[in-house]
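To start, the structure itself, in structure tokens.
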Amino acid sequence: MTVRTRFAPSPTGYMHIGGMRTALFCWLWARHNRGQFILRIDDTDQQRNIDAALVPILDAFRWLGLDWDEGPEVGGPHAPYFQSQRRDLYDAALNKLLDSGKAYRDFEVPEDTQAQREAAEKEKRVYVSSRASLALTKDETEKLIADGKPFVVRLLVPRADKVAINDHVRGQVEWDCSLMPDPVVARSDGSPLYNFATVVDDAALEITHVIRAEEHLPNTPIQVLLHRALGNKTPEWAHIPYVASPGSKEKMSKRKIDKYRTNPQFQKMFELGDQVLSRIGIDPKSDALSPVMVAYYREVGFLPAGVLNSLVRLGWSLDDATEFFTLDDMKRKFSLERVIKSAAGLDPDKMLSFQAHWMSQLPADQKLDGCLPFLKKAGLIDDENDPATRARVASVIELAADRLRVFGDIFQLDEFFVADADLKIDDKNFQKRVVKPETAVDLLRDLRKRLAEVVDFASAPLHDLLQSFAAEKQVKVGDVFPAVRLCVTGKAQGADLFRSLELLGQECVLRRMDRAIGLAESQRAS
RNA sequence: GGCCCCAUCGUCUAGUUAGGUCUAGGACAUCGGAUUUUCAUUCCGGUAACAGGGGUUCAAAUCCCCUUGGGGUCACCA
């Protein structure tokens with residue numbers, strides 16, 4: 001039998017990173033078995049702009065390279081793939097349930113049901129449905145329907161039964177039906193509820209494996225019962241652990257983003273994000289984008305490979321040593337049997353380390369193509385297609401080497417793109433290495449003269465020049481190099497100083513030294 | 001609170017299905033040291049865990065029970 005898995009997001013306007021991990025596992029299991037992966041949109045309760053709310057979700061899949069065999073845009077033999085458009089199927093199933101007596105119309109007003117629920121809770125009693133409407137005769141029921149009395153349809157839970165599943169990750173899990181209230185399957189307007197629509201669709205789409213997050217475990221007995229009542233073959237289950245917030249066992253949630261900001265384990269991610277996003281015109285403090293969303297990582301300049309590798313290692317491992325996986329590796333090696341049971345916290349540190357690894361593997365031209373849009377968005381370059389610009393950016397990237405972990409890191413070398421007048425200088429270090437030392441300014445002034453005389457303004461000769469300059473002045477290189485760096489890049493540390501000088505070019509270096517010397521002088525005077 | 005799930009270094013995990021080779025392995029983080037003009041990288045090395053208690057057994061991280069702790073979920077949401 002062909003393996004068919006599905007991921008069924010509701011259109012919320014963003015793709016949750018934890019949901020993405022679930023989707024990845026679904027996709028992997030389907031691909032591993034040469035089966036099909038289906039995307040179904042669970043939009044049974046939202047009416048408004050589904051299309052717009054769906055875009056970020058599909059974009060996330062596309063960005064990561066996870067394709068779907070059936071679903072939005074691609075269609076398929078079981079189209080449509082939007083629950084809002086499959087109402088006739090639910091209606092038919094509902095009638096089947098009603099006709100067979102497996103479900104009943106419940107005329108109890110919601111307030112009464114609610115009151116019973118509360119009373120039971122108060123008395124520490126298990127709440128089960130009153131089933132008062134079940135006592136109605138057929139005539140009475142028809143009268144109520146004719147009178148337009150509202151009702152919901154509930155599944156008649158077989159209270160004597162037990163439900164047991166053999167979960168692919170959790171093993172045997174059992175529930176006692178005598179403890180279950182009769183679940184509503186259709187609202188008073190006749191529309192289906194999640195559990196019902198899901199069961200109808202999973203059966204219709206011939207889903208063989210329902211792989212979803214652990215939080216759905218309590219839904220499972222209801223769904224099993226529904227499948228049984230409908231006469232379906234029940235799918236196999238795999239309840240994978242949810243993704244927890246860093247350093248905790250709590251499910252990661254969009255609503256807790258403010259709390260995460262103060263989480264020390266999350267700090268590094270927010271710092272990186274804030275720094276990059278603020279450069280490209282996105283408000284880092286806005287709720288519109290945060291590390292719980294897949295889009296965040298794209299905007300900050302992560303590679304799909306890095307994100308994918310992080311996600312797959314959350315709750316799954318191949319063995320005791322392998323850490324790096326390409327999508328293709330995962331596809332070949334993934335198995336549900338090796339999915340762990342406990343919740344795994346997202347680890348920003350490790351995520352960044354995976355990212356750094358995959359960035360280091362990326363060919364230079366792809367690094368270039370990745371960085372260009374960031375520089376463009378930040379207004380640091382004008383034309384992404386201009387050959388001279390591309391060449392310069394390529395040089396900077398080469399110079400940056402492993403300092404470039406995410407594309408957004410290119411902003412750490414913004415000194416190569418800003419106008420001299422706009423160069424920001426790290427004041428604290430400038431004071432320490434240029435303004436305060438007695439001889440620093442004189443030294444720099446002398447050095448500036450020498451630099452002006454250089455004919456071959458290249459890294460190696462510049463290195464020699466600075467070195468011999470320090471020797472000649474009988475000062476340590478540590479008194480010269482950092483000062484020069486501060487003057488021309490504005491930073492206390494960074495990429496190779498001499499290659500930086502070469503890349504900046506003689507004229508620029510001289511201008512920046514003049515500017516810095518002037519600045520230091522005026523500060524010394526005051 | 002009911003139901004259900006989970007429990008190995010700070011974190012992600014290997015080891016648990018078939019008890020011994022586990023004085024518990026790897027990775028990230030961290031701390032040292034080497035390399036380096038700074039930072040980063042790289043390389044070497046260190047610190048660091050079987051939640052607790054009972055069983056079963058010659059032998060338990062591994063099997064059983066209890067306790068504790070953590071978490072998920074309890075809608076005419078998905």
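Just the heavy atoms: all of them, side chains too, but no hydrogens, waters or symmetry mates, feed the values below. These figures come from a predicted structure and were not determined experimentally. Residue numbers begin at 1 in each chain, while the letters A, B, ... track the order of the sequences.
With both ends at atom P, the span from B:U67 to B:C3 equals 13 Å, rounded to whole Å. The same atom, P, is picked in B:C9 and in B:U62; the two are 14 Å apart, to the nearest Å.
Contacts of A:Val173 with the nucleic acid, taken as non-hydrogen atoms under 4.0 Å apart, involve only primed sugar atoms and P, OP1 or OP2. Across all strands, A:Gly315 comes closer than 4.0 Å only to sugar-phosphate atoms, never to a base (heavy-atom distances). A:Asp347 comes within contact range of at least one nucleobase, with a heavy-atom separation under 4.0 Å. Across all strands shown, A:Gln114 has no heavy atoms under 4.0 Å from either base or sugar-phosphate atoms. Across all strands shown, A:Lys251 has heavy atoms under 4.0 Å from sugar-phosphate atoms exclusively, and none from any base. Within the nucleic acid shown, A:Asn195 has no heavy atom closer than 4.0 Å to any nucleic acid atom. A:Arg170 comes within 4.0 angstrom of sugar-phosphate atoms only, judged by non-hydrogen atoms across all strands, and of no base. A:Ser188 comes within 4.0 angstrom of a nucleotide base, judged by non-hydrogen atoms across all strands. Residue A:Glu121 is classed as having no contact, given no heavy-atom separation below 4.0 Å to the nucleic acid. Using a 4.0 Å heavy-atom distance criterion, A:His239 is classed as making no nucleic acid contact.
Listed for the A:Ser129 side chain is no donor-acceptor partner under 3.5 Å among the backbone atoms of A:Arg131. Remark: the backbone N or O of A:Leu303 is paired with a side-chain donor or acceptor of A:Gln355 at under 3.5 angstrom. A:Arg154 contributes a side-chain N or O that, together with a main-chain N or O of A:Asp182, makes up a donor-acceptor pair within less than 3.5 Å.
Judged purely by distance below 3.5 Å, without hydrogens or angles, the side chains of A:Thr198 and A:Asn195 never pair a donor atom with an acceptor atom.
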Between the protein and nucleotides 21-24 of chain B, are there any N/O to N/O pairs under 3.5 Å, and if so, what are the atom names and distances?
none

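Residues from residues 401-409 of chain A placing a heavy atom under 4.0 Å of any atom in RNA chain B, listed by number, are A:Asp402, A:Arg403.
Here the side chain of A:Ile340 is nearest to one of B:C5, B:U38, B:A14, namely B:A14.
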